[in-house]
Amino acid sequence: MLPFKLIYHDGYDLNLGAHVFPSQKYHMIRDKLLEDGVATQDDFLAPQPATDEDVLRVHSQEYVYKLKNGSLSRTEEMRLEVPYSKKLIEACWLAAGGSILAGRRALQDGWAANIGGGFHHACPDHGEGFCVIHDVAIAIRRLQFDGAMERAMVVDTDVHQGNGTAVVFGGDGNVYTLSLHQEHNYPFPKPPSTMDVDLPDGIGDEEYLAILEKHLHQAFHDFSPELLFYVAGADPYREDQLGGLALTMEGLAQRDALVFDYARRNGVPVAIALAGGYARRVADTVDIHVGTIVAARDAAQQGANRIKSQAK
Ligand SMILES: [Zn+2]
């Protein structure tokens, strides 16, 4: 039994078959968490889909209309890099509902994880790079709308820069965005996050962790969030097909532990979203995401952020 909730829905799977985006990973992660005894059935909560009102706090009316009515242009559909279908839209609205629920439960319990989401390339007026709508931004805007919190930090360690996050929250003093990513990789251009860290090709564990620590230190010095959203991409892994960094599984687990340690020591609740992962073996991507949940469990068992957030 975990000390926090996991948010999951079978509808997250897009059944894309041989596509480089392994959307079957979501149910594989769920199964592995149960098989390994990390979680029990009772740890899982099923989300409701986000409402259109939720989505419209981040995305333009025109774009949402096109998504719901299947009227994207061929160019717009190509830019998504996943085939358009009604099922795709349902899955994306569910993933956004999942991140809303994860944010809400994190504020309540100290920690929560959406076993999906992290679609950080989606922009207000278009989707790209497997990202249709920006679940994490939708969640932050919903929680602000509800008066549940005002100040959020997004820490994004996916190998690709969080361009959608940067655009949505650019100039917003209530949302601090930190993205660590490979410089010579999609997306181009990279609109500015609050803090961007452009990493060189082929960087390994030791160097990466030192850079991450330095920038987490700076971020928590500059800003005190009420909630941290962690976009925990599995694609800085050295066997990733769409990434050019060289982190090991062990290094990725240390990365997660470092992020969680900063949040815990600063008394900040953490909501996790998974984001990318394109390892040659899907099982490796699954192991990395499971590792993130295990690292969160280990950090949550130390408990400090929960006690402090409840004391506010
Ligand atoms: Zn990525």
Legend entry - Residues Thr292, Asp256; criterion side-chain hydrogen bond (donor to acceptor under 3.5 Å, both in side chains); working and verdict: CA-CA 6 Å; Thr292 300; Asp256 297 335; 2.7 Å; yes
Inset, instruction - Quick one: sort the Tyr12 and Tyr26 rings into parallel, tilted or perpendicular, breaks at 30° and 60°. - result: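 The rings of Tyr12 and Tyr26 stand perpendicular, inter-plane angle above 60°.
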Legend entry - Gln301, CD atom: more than 12 neighbouring heavy atoms under 6.0 Å: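 Counting other residues, nucleotides and ligands, CD of Gln301 exceeds 12 neighbours.
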Legend entry - Heavy atoms of other groups near Gln241 CD, more than 12 under 6.0 Å: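 Correct, the count exceeds 12.
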Is it true that [X] and [Y] have a side-chain N and a carboxylate O under 4.0 angstrom from each other?
X: Lys86; Y: Glu90; answer: no
X: Arg141; Y: Asp172; answer: yes
X: Asp146; Y: Arg104; answer: yes

Would you mind reporting whether [Y] and [X] have side-chain heavy atoms less than 4.5 Å apart?
X: His134; Y: His120; answer: yes
X: Arg281; Y: Glu239; answer: no
X: Val175; Y: Gln144; answer: yes
X: Asp156; Y: His181; answer: no
X: Leu274; Y: Ile29; answer: yes
X: Val259; Y: Val270; answer: no
X: Leu180; Y: Tyr208; answer: yes
X: Val154; Y: Ile140; answer: yes

Inset, instruction - May I have the step-by-step check of side chain to side chain contact (heavy atoms under 4.5 Å, CB included) for Met195 and Asp222, ending in yes or no? - result: CA-CA 11 Å; Met195 196 192 297; Asp222 292 348; 4.3 Å; yes
Test: [X] cationic atom under 6.0 Å from [Y] six-membered ring centre, within 45° of axis:
X: Arg151; Y: Phe223; value: yes
X: Lys68; Y: Tyr65; value: no
X: Arg264; Y: Tyr262; value: no

On a heavy-atom basis, which atom in [X] and which in [Y] lie closest, and how many Å separate them?
X: Tyr278; Y: Pro22; result: CD2-CD, 3.9 Å
X: Leu178; Y: Ala219; result: CD2-CB, 4.3 Å
X: Met149; Y: Glu226; result: CA-OE1, 3.8 Å
X: Ala96; Y: Ile133; result: CB-CD1, 4.1 Å
X: Ala296; Y: Phe260; result: N-CE1, 3.4 Å
X: Ile89; Y: Leu67; result: CG1-O, 3.5 Å

Inset, instruction - Give, for atom OG of Ser224 and atom CG of Asn266, the distance between the pair rounded to the nearest 0.5 Å. - result: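 With rounding to 0.5 Å, OG (Ser224) is 9.0 Å from CG (Asn266).
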Inset, instruction - Measure the CG-NE2 distance between Asp196 and His215 for me, rounded to the nearest 0.5 Å. - result: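 If I round to the nearest 0.5 Å, the distance is 9.5 Å.
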Where the side chain of [X] meets the backbone of [Y], is there a donor-acceptor pair that is under 3.5 Å apart?
X: Asp158; Y: Gly276; result: yes
X: Asp135; Y: Gly118; result: yes
X: Asn185; Y: Leu242; result: yes
X: Thr177; Y: Thr194; result: yes

Inset, instruction - Applying ring pair (Phe, Tyr, Trp, His ring centres under 6.0 Å) between His121 and each of Phe130, Phe188, Tyr186, report the one that passes. - result: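 The single option meeting the ring pair (Phe, Tyr, Trp, His ring centres under 6.0 Å) with His121 is Tyr186.
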Inset, instruction - Apply the test side-chain hydrogen bond (donor to acceptor under 3.5 Å, both in side chains) to residues His59 and Asp125: give CA-CA distance (whole Å), side-chain angles for both, the deciding distance (0.1 Å), then the verdict. - result: CA-CA 6 Å; His59 295 281; Asp125 63 354; over 6 Å; no
